[in-house]
Amino acid sequence: MFGIYELTKTDPKSLQERALKLSEEAGELAQAVLSVTNAPGSAYKNHSVDDVREEAVDAAIVALSLLAHTTETREEFENELHRLMIGKCAKWSEKVGPRRDLPE
């Protein structure tokens, strides 16, 4: 998926460093969201929805890199991603209730 597994395996960061990087990216995403929603004290940053999207993708890439770091092969990475996404999305769906416009 977008070379994330291969890039992770060539990047020397430790699991701990990747987790800290995810925290950094989450903070940048939060700043962009606060700015876009005109939260008090954040409007001066002048972020746009495009900034929110970019920061969300940065956070997603780092999160996927954490998953890749814990797997031995690309196949295992992809299988675990698929398995976990199915399970986690099912739990989320249970919390928000059924939607008629989603495939089962």
Side-chain angles (χ1 to χ4, degrees):
M1 172 189 286
F2 306 107
I4 291 171
Y5 178 81
E6 291 78 12
L7 288 166
T8 299
K9 295 304 177 178
T10 60
D11 184 341
K13 288 182 188 73
S14 68
L15 188 62
Q16 181 179 12
E17 289 169 322
R18 289 178 205 285
L20 291 171
K21 181 67 176 171
L22 180 57
S23 294
E24 176 189 343
E25 295 299 343
E28 292 172 5
L29 174 57
Q31 285 181 349
V33 168
L34 288 170
S35 176
V36 166
T37 59
N38 296 314
S42 298
Y44 72 95
K45 296 187 183 223
N46 296 320
H47 285 288
S48 68
V49 172
D50 286 341
D51 295 318
V52 171
R53 292 174 182 164
E54 284 193 35
E55 297 300 344
V57 169
D58 286 346
I61 288 170
V62 176
L64 289 170
S65 180
L66 280 160
L67 177 62
H69 189 99
T70 65
T71 59
E72 295 297 321
T73 65
R74 183 172 199 231
E75 181 180 23
E76 181 185 13
F77 166 67
E78 291 174 355
N79 289 342
E80 281 297 282
L81 177 59
H82 183 263
R83 180 184 71 79
L84 291 165
M85 289 295 283
I86 293 293
K88 295 295 184 175
C89 287
K91 282 184 179 180
W92 186 16
S93 179
E94 288 173 12
K95 287 181 181 179
V96 298
R99 287 187 46 191
R100 297 190 193 323
D101 60 334
L102 294 176
E104 300 214 13

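Keep in mind that this is a model prediction, so the values were computed, not measured. Computed over heavy atoms, backbone and side chain alike; hydrogens, waters and symmetry mates excluded. Residues: numbered from 1 along the sequence shown.
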*Determine the minimum heavy-atom distance between Leu34 and Thr37, stating which atoms define it.*
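In terms of heavy atoms, the two residues are closest at O-OG1, 3.3 Å.
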
*Considering all heavy atoms, the nearest Asp51-Ser48 contact*: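 Closest approach of Asp51 to Ser48: OD2-N, 2.8 Å.
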
*Report yes if some heavy atom in the side chain of Tyr5 is under 4.5 Å from a heavy atom in the side chain of Thr71; otherwise report no.*
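When only atoms from C-beta onward are counted, Thr71 and Tyr5 do touch, with a gap below 4.5 Å.
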
*asked:* Assess whether a salt bridge exists between Glu6 and Lys9, defined as any Lys/Arg side-chain N lying under 4.0 Å from an Asp/Glu carboxylate O.
replied: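 No, this pair does not count.
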
*How far apart are the C-alpha atoms of Lys91 and Glu94, what are their side-chain angles, what is the distance that settles it, and do they pass the salt bridge (charged side-chain N to carboxylate O under 4.0 Å, His left out) test?*
CA-CA 5 Å; Lys91 282 184 179 180; Glu94 288 173 12; over 6 Å; no

*Same apolar cluster: Leu84 and Phe2, side chain cutoff 4.5 Å*: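 As far as the 4.5 Å side-chain criterion goes, Phe2 and Leu84 are connected within one cluster.
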
Return the [atom1] to [atom2] distance between [X] and [Y], rounded to the nearest 0.5 Å.
| X | Y | atom1 | atom2 | value |
| --- | --- | --- | --- | --- |
| Glu80 | Glu72 | CD | CD | 12.0 Å |
| His82 | Glu78 | NE2 | CD | 11.0 Å |
| His69 | Ile4 | NE2 | CD1 | 15.0 Å |

For residues 53-68, dump all side-chain donor-acceptor pairs below 3.5 Å to protein atoms at least two apart in sequence or in another chain.
residue: Arg53; atom: NH1; partner: Asp50; partner atom: OD1; Å: 3.4
residue: Ser65; atom: OG; partner: Thr8; partner atom: OG1; Å: 3.0
residue: Ser65; atom: OG; partner: Arg18; partner atom: NH1; Å: 2.8

*Among all residues two or more places apart in sequence or in another chain, which pass the side chain to side chain donor-acceptor pair (under 3.5 Å) test with Asp11?*
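Listed in chain order: Lys13.
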
*asked:* Go through it in stages, so that I can follow the logic: the residues are Glu25 and Lys21, the test is salt bridge (charged side-chain N to carboxylate O under 4.0 Å, His left out), and I'd like the CA-CA distance, side-chain angles, deciding distance and then a yes or no.
replied: CA-CA 6 Å; Glu25 295 299 343; Lys21 181 67 176 171; 3.4 Å; yes

